[in-house]
Amino acid sequence: MAKNQTIKSVKGTTDFYPEEMALRTWLYNRIRQLSESFGYEEYEGPMLETFELYAAKSGEELVEKQSYVFEDRGGDKIALRPELTPSLARMVAKKQGQLNFPLRWWSFGPFWRYERPQKGRTREFFQWNIDMVGLDSPESDAELIIIAAEFLKGFGLTSKDVQIKINHRALMQEQLVKLGISEDLIPPAFQLIDKKDKLKFEKWQDYAIEIGFSNNQLDQLNELLDNKELWKESETLSRIFEIVEAYGLSDYVSFDFSIIRGLLYYTGTVFEAWDTGGEHRAIFGGGRYDNLVGDVGGNPISGVGFAVGNLVLSLILEQMGLTPDYSKTPADVFVTVFSEELMLESIKIGQELRSAGIKTASHLKLSKLGSQFKYADRIGARLALVFGPDEFDADEVKIKNLQSGDQIAVKRDQLVNKITDLLE
RNA sequence: GUGGGUAUAGCUCAAUAGGCAGAGCUCCGCACUGUGGAUGCGGUGGUUGAGGGUUCAAAUCCCUUUACCCACCCCA
């Protein structure tokens, strides 16, 4: 079939063929296990939300340019969710009186952002979100950072491969005020700091002057950015580092005054994880948000959490050879068909094995034994069964080990036991 | 939204200066009608992304267009 005749997939979406799906499921299972080990419960929000939910607080770029928005048949403005935290806030606000705080919740699902796809970025992607809502303390910030570090460590990534960089928005604000930066210059100042590593130094300085920094303030800002001990000025960060150290994970976590986070709703601790080579974009990002539940109509309640996309993480893991081998074994046992007369009996044999909990695929048409073995080998089956006239007369089934080529005959009534033994 | 690159068989890629569109792998068949992987032989598979132009002749040169990739922006 000619390529230009196949119907195209939607730009920026991913087809999960069995191999890719195996990776996704593997990732999901690790996430579930880790989340549950810290006592977090799985939840899920809708893929569709009102546009209004994001309009307030998610940040202009994300809402105005990157959201999939459409009008439904009733005329309501609907968005495909570009992130989960607002949905979480909405769900918490809705049942606020009935929930046991602090909540420890996690989720893994699809998100959509209308962007130009490139390496580590697609329009449809998956995210792990994990949040604690209803407890505002350095200890709760630290727990999320610990989970993040354990997550990375669990894959075999070392502190030399990845780093979690943390900062605190209140600390930044304080320090900027100390420089005599006026209230309305603070948001642009955050942007400026965010751009420090992205622009050439001279350009960055020009930009600073342009938004209203004095030369003196600029010098002082540079001093701030070079100050690796600045976190000591923040009680919260000090406590977080203390706890992280108690967990033996200090290597993974470092202070970085340039971590800002684009989303507007973060109010306290903010953190991101990066590969130390600086080759990829951020692996995850998160932080504390004080006002979000209040913003969607609930009583103000604080939360902290982070989101990990599947793409950058997968790229890094694959690059470092930390993904599992996908030994493709959809079926451990493959039952061949010898002849028209014996086909039903072969299918029955397959059914017996399945009843015993053995993953079994049956051949469903007459064809040469050779091609049946070939197929069995290709799908990764470990054993192939032959049931022909000779076996029928002797009340036996032949079991062939597809790796070694050895073949044995067993009595029909011992087949399940024998195969169970062989597969162990 | 801005900039760069690529497009030839299912996949990876060739095709001198414009001159018969090819190879490897895969797939299918046979050697091997009760046994897969190895080997050998044979075969299927193409409107060279699409549309137009120049030319005796276009995968190749020109124009238009689409898709994909990469970077910026932004972010997971």
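Any value given below was found using the heavy atoms of this structure, including those in side chains, with hydrogens, waters and symmetry copies removed. Lettering follows sequence order; numbering is per chain, from 1. Predicted, not measured: the structure shown is a model, and the values here were computed from it.
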Within the modelled atom types, does a donor on one side and an acceptor on the other bring the side chain of A:Gln372 and the base of B:U35 under 3.5 Å apart? no
In whole angstrom, give me the gap between the P atoms of B:A38 and B:C13. 24 Å
Below 3.5 Å, does any donor atom in the side chain of A:Lys374 face an acceptor in the base of B:G37, or the other way round? no
Rounded to whole Å, the CZ-C1' distance (A:Arg116 to B:A67) equals 12 Å
Any heavy-atom pair between the side chains of A:Asn167 and A:Phe271 that's under 4.5 Å? no
Would you mind classifying the nucleic acid contact of A:Gln191 as base, sugar-phosphate or nothing, using non-hydrogen atoms under 4.0 angstrom? nothing
What interatomic distance, in whole Å, is found between P of B:G37 and the corresponding atom of B:G52? 48 Å
Less than 4.5 Å apart, any side-chain heavy atom of A:Lys398 and any of A:Leu385? no
P atoms of B:C20 and B:C61, separation to the nearest Å: 16 Å
Does the pair A:Arg288 and A:Ser140 meet the rule for a side-chain hydrogen bond (donor to acceptor under 3.5 Å, both in side chains), with working shown? CA-CA 10 Å; A:Arg288 173 162 296 281; A:Ser140 51; 2.9 Å; yes
Any donor-acceptor pair under 3.5 Å from A:Asp275 side chain to A:His280 backbone: yes
Please report the distance, rounded to the nearest Å, between CD in A:Glu115 and P in B:C69. 14 Å
Under 5.5 Å between ring centres and under 30° between planes: true for A:Phe125 and the base of B:A76? yes
Any heavy-atom pair between the side chains of A:Leu53 and A:Ser87 that's under 4.5 Å? yes
A:Ile164 CD1 to A:Asp251 CG distance, which is reported to the nearest 0.5 Å: 11.5 Å
Does the base of B:C74 carry an N or O that pairs as donor and acceptor with the side chain of A:Arg121 under 3.5 Å? yes
Any donor-acceptor pair under 3.5 Å joining the side chain of A:Glu391 to the base of B:G34? yes
Starting at atom CG of A:Leu315, determine the distance to atom P of B:C69, rounded to an integer number of angstrom. 13 Å
In whole Å, I'd like the distance from the NE2 atom of A:His363 to the P atom of B:G34. 15 Å
Under 4.0 angstrom, heavy atoms only, what part of the nucleic acid is A:Asn310 near: base, sugar-phosphate, or nothing? nothing
Contact class for A:Ala282 vs. all strands (heavy atom < 4.0 Å): base, sugar-phosphate, or nothing? sugar-phosphate
Quick one: the side chain of A:Lys400 and the base of B:U35, do they pair up donor-acceptor inside 3.5 Å? yes
Reckon A:Ser9 touches a base, only the sugar-phosphate, or nothing at all at heavy-atom distances under 4.0 Å? nothing
Would you mind classifying the nucleic acid contact of A:Lys119 as base, sugar-phosphate or nothing, using non-hydrogen atoms under 4.0 angstrom? sugar-phosphate
Checking A:Arg412 against A:Phe387: charged group under 6.0 Å from the ring centre and within 45 degrees of the axis? yes
Any side-chain N or O of A:Lys368 under 4.0 Å from OP1/OP2 of B:U35? no
Which nucleotides of RNA chain B pair, in dot-bracket form (Watson-Crick or G-U under 3.5 Å, | meaning another strand): (((((((..((((.....[..)))).(((((.......))))).....(((((..]....))))))))))))....
Pairwise P distance for B:A67 and B:A50, with rounding to whole Å: 15 Å
